[in-house]
Amino acid sequence: MKYDFSSIEAKWQDRWQQQQTFKTGEESDKPKYYVLDMFPYPSGTGLHVGHLEGYTASDIIARYKRSCGYNVLHPMGWDAFGLPAEQFAIKTGTHPKITTEENIRSFKGTLHAMGFSYDWSREINTTDSGYFKWSQWIFLKLYDRGLAYMSEVDVNWCEELKTVLANEEVDEKIADGYTVVRRPLRQWVLKITAYADRLLADLDELEWPENVKQMQRNWIGRSEGVEIDFELRCHDKKLRVYTTRPDTLFGATYLVISPEHPLAEKLATAQQLVEVKNYIRQAKLKTELERTGLQKEKAGVFTGSYAINPATGDPLPVWISDFVLISYGTGAIMSVPAHDSRDWEFAKQYKLPIIEVIKSPHDVQESVFEDKNSICVNSSNNEISLDGLAFAEAFELMASWLETKSVGTRKVNYKLRDWIFSRQRYWGEPIPIKHYDDGTLRTETNLPLVLPEVEAYHPSSTGESPLANIPHWLYGADEHGKFRRETNTMPQWAGSCWYYLRFIDPENSQQLINPEKERYWMNVDLYIGGAEHAVLHLLYARFWHKVLFDLGVVSTKEPFRKLFNQGMILGEDNEKMSKSRGNVIPADHVLQRYGADALRLYEMFLGPLEQVKPWNTNGIEGISRFLSKVWRLIYPSLEGAPATISSEPISQELLRRMHKTIKKVGEDTENLKFNTAISEMMVFVNELHKAECRNREALETLLLLLSSFAPHITEELWEALGHSRSISLIPFPPYDPELVEDSVITVAVQINGKLRGTFLAPAKSEKEHLLAEAKKVESVVKFLEGKTVVREIVVVDKLVNFAIQ
RNA sequence: GCCGAAGUGGCGGAACUGGUAGACGCCCGGGACUUAAAAUCCCGUGUUCAGCAAUGGACGUACGGGUUCGAUUCCCGUCUUCGGCACCA
């Protein structure tokens with residue numbers, strides 16, 4: 001019989017659905033395993049082979065863990081609020097809901113055709129009111145705890161588009177000819193900074209890729225330093241700066257403040273005032289990018305004022321420059337040009353003094369010396385001396401001295417900023433807040449607050465979302481008076497911040513999640529997705545999770561115990577797949593031509609899961625051949641019934657190979673090394689063919705090993721072998737530890753580390769025996785003739801090495 | 001600039017804890033079956049030198065050193081590629 005993948009795959013997909021093979025049992029005494037994909041935004045372009053890589057991996061793990069006796073939760077859903085559907089609506093008037101539904105249907109069709117073993121009864125959609133009711137509920141909890149607040153925030157405002165843009169969008173829009181200005185707008189902000197320390201500390205216990213943890217650490221950007229108050233010479237105010245290098249205070253030769261600093265203009269002397277005002281005005285016009293991007297040279301302006309260095313008593317000129325950010329620290333810095341490259345550059349530019357206070361191997365007038373691993377010099381006054389101290393001691397001593405003099409305080413700072421949470425958009429979760437005429441805010445008690453139908457999806461002219469154009473939705477009154485609803489919606493991140501919880505209890509209308517179910521299923525044991533979410537999504541989700549933990553809604557500190565980033569699959573041209581390059585490989589094309597089993601196997605065979613690798617359509621032919629080979633083991637001829645399967649014992653050699661394969665496939669699957677697991681199965685299949693093996697145990701073992709990878713063909717062949725129970729329900733086979741070891745070993749013989757011959761020896765032979773045998777090997781003898789053996793190294797079951805002369 | 005990951009045949013990649021480099025697959029070449037083709041099967045396939053040949057030698061894991069009986073693996077230095085951050089004081 002011929003291997004007809006399309007009818008076989010359809011047959012089993014239908015059967016799994018009918019028999020609910022992969023429905024997750026609610027009550028179970030089995031250990032649980034929760035394997036989760038980063039759920040997709042259902043776009044209109046459909047899924048390509050790259051999207052399916054992570055899903056295939058997680059499905060193999062889900063199936064494998066089931067076969068190892070776990071109660072597995074493996075769900076899927078849709079992160080369906082978002083811009084593309086709304087942009088499409090603006091253009092065509094089609095309601096985003098319609099577009100979204102169509103796209104979901106297409107995505108789901110492809111995922112179904114891949115034979116993924118999701119429990120579809122738990123499917124969730126972030127745009128369902130039954131779901132976003134709880135997104136809104138979480139928002140209100142944040143609000144109640146003071147973690148959501150309104151604030152004037154500088155945003156990227158595009159006048160032509162009447163909307164706020166994300167930082168990432170700014171470049172693109174400017175290139176398109178739009179103007180983007182920085183403008184303060186009242187925005188909802190979430191106080192993620194209140195959790196900075198916990199978000200940082202708890203990273204340590206996570207089984208995540210080191211680079212992702214590092215990226216989050218950098219993003220949070222914790223630093224320990226000191227805030228120092230500098231007295232001003234002709235001014236009664238003090239100027240507070242933040243520094244992480246109090247040990248270099250003796251080397252501070254000037255101060256710099258940000259143009260937005262409240263004292264910037266006040267410090268300008270009459271003589272400098274015009275210049276200062278000009279500078280501040282120009283800085284305002286610059287975009288964030290112009291200011292923080294790669295700058296050729298540092299520019300600034302002198303205020304004319306001086307501050308006093310508390311360590312030396314020297315007057316320090318106060319400058320203004322836009323390389324100092326108002327949003328970090330105090331918006332003012334002390335400059336130590338000898339030991340900071342930015343300060344050095346600035347000092348050279350404006351001929352400011354450079355004083356060495358950390359012992360440097362070269363002249364600091366010539367170039368900067370930033371190394372912390374040196375000792376302090378030129379750092380003493382009547383009360384304190386740092387000279388000879390290393391960084392840590394000098395830091396401590398100076399910080400303490402400043403504290404006792406009441407001119408400084410130790411301070412921890414973070415790069416992490418609070419999270420701007422509102423969007424001027426229609427297609428998102430409405431923020432359930434009412435603004436009353438008297439200026440008070442009250443929460444919406446009747447959740448979910450759903451989106452009204454609108455005529456047009458354009459943002460309103462005031463910089464508000466289209467919701468501001470719907471009077472009947474917008475205005476209302478209750479016992480507290482007349483109110484206007486919040487018109488901002490939540491960003492797309494909101495829905496994905498907690499969806500992994502809802503899969504555990506998707507239908508619950510009373511609670512976000514049932515606590516008992518939560519305790520059973522959390523954490524997520526394995527979370528697979530792209531590295532592009534290394535910071536934002538994963539940080540936001542961790543933040544919400546910690547808030548939910550504090551609320552007692554969840555029992556774990558962290559949501560995702562183990563994280564795995566699959567590498568991107570590039571197009572055949574080695575470039576990132578994109579419509580514009582025309583190198584996209586649509587999943588449906590490959591499915592049609594080769595089938596789901598071949599596609600699944602090939603996705604995993606391409607290379608290590610975490611690695612970026614190019615797609616190569618030729619390569620999938622090899623996988624197709626492999627599957628036909630497997631098929632022909634059971635159906636050797638094109639016509640008729642399966643081959644006669646015997647229970648005759650198979651050769652020792654094949655039996656050992658079988659047990660080795662079981663071991664390797666099991667271990668590699670545990671470690672997500674699917675490429676080598678597959679190659680091991682190929683080796684096994686090649687040997688079964690060579691031996692024309694028809695042994696039942698061998699063939700059934702092969703099918704069981706392969707079934708997590710290629711579920712359809714293995715179900716079909718399993719049935720052909722006379723089984724009525726789905727192979728998905730059969731346990732993973734055990735291996736015999738004795739049979740995975742070879743009984744006869746090929747021992748290598750080396751002369752000075754170079755291979756000169758081999759011989760066969762029983763496993764675990766005596767060293768003397770191996771040595772004697774090695775000396776008899778013909779190809780070795782001639783190398784040893786007339787030479788003195790200085791040393792003989794014998795590694796049992798491996799090699800013999802003669803060091804000669 | 002800083003942080004992180006990685007450099008192995010024509011290509012994707014494999015190699016346990018320092019122990020026979022190139023598993024498995026693709027491509028390519030040769031052969032079998034066939035009227036022919038497809039499919040399938042078998043053989044070969046790192047580079048280079050010697051030989052009619054069987055075969056044998058040298059070189060070879062980005063580059064340069066080092067440790068070791070022995071290094072893709074460990075150490076030092078250099079280069080390149082990819083990802084992230086980008087004046088955070």
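Model, not experiment: these values are computed from the prediction. Just so we're on the same page: letters track the sequence lines, and every chain starts at 1.
Between rG7(B) and rU61(B), the distance separating the two P atoms is 14 Å to the nearest Å. Nucleotides rG46(B) and rG13(B) are separated by 15 Å at their C1' atoms, to the nearest Å. Using atom C1' as the reference point in both rU45(B) and rG22(B), the two lie 12 Å apart (nearest Å). Atom C1' of rA6(B) sits at a distance of 16 Å from the matching atom of rG12(B), rounded to the whole Å. Rounded to a whole angstrom, the distance from the C1' atom of rA23(B) to that of rG66(B) is 31 Å. Only the P atoms considered, rC85(B) is 28 Å distant from rG77(B), to the nearest whole Å. Across rG57(B) and rC2(B), the matching P atoms stand 49 Å from one another, rounded to whole Å. rC41(B) sits 10 Å from rC26(B) when the P atoms are compared, rounded to a whole Å.
Nucleotide rA89(B) holds its C1' atom 14 Å from the CG atom of Leu239(A), rounded to whole Å. For the pair Glu692(A) CD and rC41(B) P, the computed distance is 13 Å after rounding to whole Å. Following rounding to the nearest Å, Trp219(A) (CH2) and rC2(B) (C1') show an atom-to-atom distance of 16 Å. As rounded to whole Å, 11 Å separates atom P of rA21(B) from atom NZ of Lys754(A). When rounded to the nearest whole Å, the span between CD1 of Ile257(A) and P of rC87(B) equals 19 Å. As rounded to whole Å, 12 Å separates atom P of rG25(B) from atom CD of Glu680(A). To the nearest angstrom, C1' of rC3(B) lies 6 Å from CG of Asn218(A). Note: CD (Glu603(A)) to P (rG25(B)) measures 20 Å, nearest angstrom.
More than 12 heavy atoms of other residues, nucleotides or ligands shown are found within 6.0 angstrom of NZ on Lys213(A).
Here Asn686(A) lies in heavy-atom contact (under 4.0 Å) with sugar-phosphate atoms only. Using a 4.0 Å heavy-atom criterion, one finds that Phe759(A) contacts no nucleic acid atom at all. Across all strands shown, Lys663(A) has no heavy atoms under 4.0 Å from either base or sugar-phosphate atoms. Residue contacts shown for Arg417(A) include a base, since a base heavy atom lies under 4.0 Å away.
With RNA chain B read from its 5' end, the first of the two nearest nucleotides for Val747(A) and Ser223(A) is the one closest to Val747(A). Positionally, the nearest nucleotide of RNA chain B for Ala531(A) lies more toward the 5' end than for the other of Tyr242(A) and Ala531(A).
A 4.5 Å side-chain heavy-atom check between Leu416(A) and Leu539(A) finds at least one atom pair inside the cut-off. Glu356(A) is not listed as a side-chain neighbour of Phe369(A), based on a closest heavy-atom distance of 4.5 Å or more. Contact of the Met398(A) side chain with the Asp247(A) side chain is not registered, since no non-hydrogen atoms from C-beta on lie closer than 4.5 Å.
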Q: Kindly express the pairing pattern of RNA chain B in dot-bracket notation, using | wherever a base pairs with another strand and counting only Watson-Crick or G-U pairs under 3.5 Å.
A: (((((((..(((......[....))).(((((.......))))).(((((....)))))..(((((..]....))))))))))))....
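Side-chain contact, Ser223(A) with Tyr328(A): a donor N or O sits under 3.5 Å from an acceptor N or O. Looking only at atom types and distance, the side chain of Asn218(A) has no donor-acceptor partner in the side chain of Lys415(A) under 3.5 Å away.
Among the nucleotides rC41(B), rC3(B), rU20(B), the one closest to any side-chain atom of Thr746(A) is rU20(B). Which of rU20(B), rA89(B), rC27(B) sits closest to the side chain of Val324(A) comes down to rA89(B). Distances were taken from every side-chain heavy atom of Leu799(A) (C-beta onward) to each of rG19(B), rA89(B), rG57(B); the shortest belongs to rG19(B). Side-chain atoms of Leu755(A) lie closest to rU20(B) of the nucleotides rU20(B), rC26(B), rA89(B).
In rG51(B) the O4'-C1'-N dihedral to the base is more than 90° from 0, which defines an anti nucleotide.
Salt bridge status for Glu224(A) with Arg222(A): present, with a side-chain N to carboxylate O gap under 4.0 Å. Comment: Arg657(A) engages Glu680(A) in a salt bridge, judged by a side-chain N to carboxylate O separation of less than 4.0 angstrom. Ion pairing between a basic and an acidic side chain is recognised when a charged N comes within 4.0 Å of a carboxylate O; Arg217(A) and Glu210(A) show such pairing. Looking at Lys660(A) and Asp742(A), a side-chain N of the basic residue comes within less than 4.0 Å of a carboxylate O on the acidic one, giving a salt bridge.
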Could you list, one pair per line, each protein nitrogen or oxygen that sits under 3.5 Å from a nitrogen or oxygen of nucleotides 68-72 of chain B, together with the distance?
residue : atom : partner   : partner atom : Å
rC69(B) : OP1  : Arg791(A) : NH1          : 2.7
rC69(B) : O2   : Asn801(A) : ND2          : 2.5

Table of protein N/O atoms under 3.5 Å from nucleotides 10-16 of chain B N/O atoms:
residue : atom : partner   : partner atom : Å
rG12(B) : O2'  : Leu606(A) : O            : 2.5
rG13(B) : OP1  : Gln611(A) : NE2          : 2.6
rA14(B) : OP1  : Asn675(A) : ND2          : 3.1
rC16(B) : N3   : Lys798(A) : NZ           : 3.4

Q. Given the rule in the side chain to side chain contact (heavy atoms under 4.5 Å, CB included) test, do Arg756(A) and Val749(A) qualify, once you have shown the distances and angles that lead to the verdict?
A. CA-CA 6 Å; Arg756(A) 295 302 181 189; Val749(A) 187; 5.5 Å; no
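Between Arg625(A) and rC26(B) there is a side-chain N or O to OP1 or OP2 distance below 4.0 Å.
A donor-acceptor pair is defined here as one N or O able to donate and one able to accept, closer than 3.5 Å; no such pair exists between the side chain of Trp615(A) and the backbone of Asn583(A).
Between Tyr350(A) and Phe346(A), the ring planes are tilted. Angles from 30° to 60° get that label.
A side chain to side chain contact (heavy atoms under 4.5 Å, CB included) with Met334(A) is found for one member of Thr253(A), Leu255(A), Asp343(A) and no other, namely Leu255(A).
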